[in-house]
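The structure under discussion appears below in the form of structure tokens.
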Amino acid sequence: MFDDNKFHIIPSVRNLKNLDVALDGKEEWILLSCCHIGNLRENVARCHRAGKKVVVNHEIVGGLGADKMAFQLLKRMFQVDGVMGSGAAKIGNVSKENMKAIRRIALIDSLSVEHALKSLKEVHCDAIELRPSYYGVRYLKEFIKNYPCHYVAGGFVDNMEELEQVYSAGFSGVMTSCVELWNSKLSGKIVCR
């Protein structure tokens, strides 16, 4: 997913009116944060026609359950390329369906950081999203030391200063709904670690 060692600014499309902007951008991946099972297939197909790959957060796809069948549907019926979520067991189901798995970790207090670090080896994932970005920047090195993989930041990346901090910290990328950042000059730069 991020094997090119470049920094990726993945558009998080929260409103379908912004999908065209994401489709016209240079990023290969798009996070559809606004879909439900009634429009997911159509929007995934639209992204694929534009040469893009699609990630969804299974926890916010309207009308989708969270059992094993939900992940089979995401792959087989909706043709999703990657799935993100916070539960380790659910992320394990994503990998079994041969989709990219992104684990979301919310850093809300020191106990959540401690718990997340202990749980990293429970299940394989292709990338980990640390959120909010401010704390992701602060704890990234500790996470990499415990579980080396690709890391993206998310949550409250809505200006160039925040984006530059995420890049400088050594993240592989960022997921942001801030349309103005989607085609930033940092997109595609070599990741500095």
Side-chain angles (χ1 to χ4, degrees), residues 1-2 8-15 27 29-37 40 43-44 53-75 77-158 162 166 169-178:
M1 184 169 204
F2 302 104
H8 294 268
I9 301 171
I10 299 173
S12 174
V13 180
R14 288 179 26 191
N15 189 323
E27 182 56 48
W29 289 86
I30 294 175
L31 171 61
L32 291 179
S33 301
C34 57
C35 289
H36 53 79
I37 59 171
L40 183 59
N43 287 303
V44 170
K53 294 180 181 173
V54 176
V55 175
V56 296
N57 178 345
H58 77 88
E59 296 162 345
I60 61 172
V61 174
L64 182 72
D67 60 359
K68 183 179 177 182
M69 180 60 71
F71 299 99
Q72 291 173 352
L73 285 172
L74 285 172
K75 175 65 176 180
M77 183 176 180
F78 298 112
Q79 306 294 307
V80 169
D81 303 292
V83 176
M84 63 188 312
S86 56
K90 304 294 187 223
I91 292 301
N93 286 329
V94 173
S95 295
K96 289 176 188 172
E97 290 300 320
N98 202 26
M99 294 180 286
K100 295 292 184 184
I102 304 169
R103 184 160 174 203
R104 298 180 89 209
I105 296 178
L107 306 172
I108 55 175
D109 56 24
S110 59
L111 185 59
S112 68
V113 172
E114 183 181 317
H115 175 71
L117 287 167
K118 286 180 184 175
S119 71
L120 287 175
K121 302 219 186 310
E122 290 176 10
V123 67
H124 166 76
C125 55
D126 298 289
I128 294 174
E129 180 194 46
L130 298 178
R131 55 188 314 110
S133 61
Y134 174 82
Y135 289 113
V137 167
R138 183 172 171 185
Y139 289 102
L140 177 63
K141 288 186 183 358
E142 194 169 348
F143 275 88
I144 290 173
K145 183 173 73 175
N146 283 278
Y147 191 84
C149 74
H150 297 288
Y151 284 83
V152 294
F156 303 110
V157 181
D158 55 11
E162 300 260 344
V166 167
F171 280 89
S172 296
V174 64
M175 294 188 180
T176 180
S177 59
C178 183

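Counting begins at 1 with the first residue of the sequence.
- Enclosure of atom OH in Y147 by more than 12 non-hydrogen atoms of other residues, nucleotides or ligands within 6.0 angstrom is indicated.
- Counting only heavy atoms from C-beta outward, the side chains of I10 and V55 never approach each other to under 4.5 Å.
- At a threshold of 4.5 Å between non-hydrogen side-chain atoms, the residues C34 and N15 do not count as touching.
- Between I105 and F143, the closest side-chain pair of non-hydrogen atoms falls below 4.5 Å.
- Although no hydrogens or angles enter the test, the distance criterion places no donor-acceptor pair under 3.5 Å between the side chain of S95 and the main chain of G92.
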Run V61 and F78 through side chain to side chain contact (heavy atoms under 4.5 Å, CB included) and show every step you take.
CA-CA 12 Å; V61 174; F78 298 112; over 6 Å; no

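- In this structure, OG in S110 is found 10.5 Å from OH in Y135, a value given to the nearest 0.5 Å.
- Between V174 and E162, the closest side-chain pair of non-hydrogen atoms is not below 4.5 Å.
- Within the 4.5 Å cutoff, the side chain of L40 has heavy atoms near those of the L74 side chain.
- A side chain to side chain donor-acceptor pair (under 3.5 Å) with S86 is found for one member of H58, E59, R104 and no other, namely E59.
- Interatomic distance, CE of M69 versus CE of M77, reported as 11.5 Å (0.5 Å rounding).
- Counting heavy atoms of neighbouring residues, nucleotides and ligands inside a 6.0 Å radius, atom NZ of K118 does not exceed 12 of them.
- How far CD of E97 is from CD of Q72: 4.5 Å, rounded to the nearest 0.5 Å.
- For the pair S133 (side chain) and A153 (backbone), a donor-acceptor distance under 3.5 Å is absent.
- Of all heavy-atom pairs between E122 and A88, the closest is OE1-CB, 3.5 Å.
- Without hydrogens or angle criteria, D81 side chain to V54 main chain gives a donor-acceptor distance under 3.5 Å.
- Contact check for C149 versus R103: no side-chain heavy atoms found under the 4.5 Å cut-off.
- Between M84 and L31 the shortest side-chain heavy-atom distance falls below 4.5 Å.
- At most 12 heavy atoms of other shown residues, nucleotides or ligands fall within 6.0 angstrom of atom NZ in K53.
- In this structure, CE in M99 is found 10.5 Å from CD in Q79, a value given to the nearest 0.5 Å.
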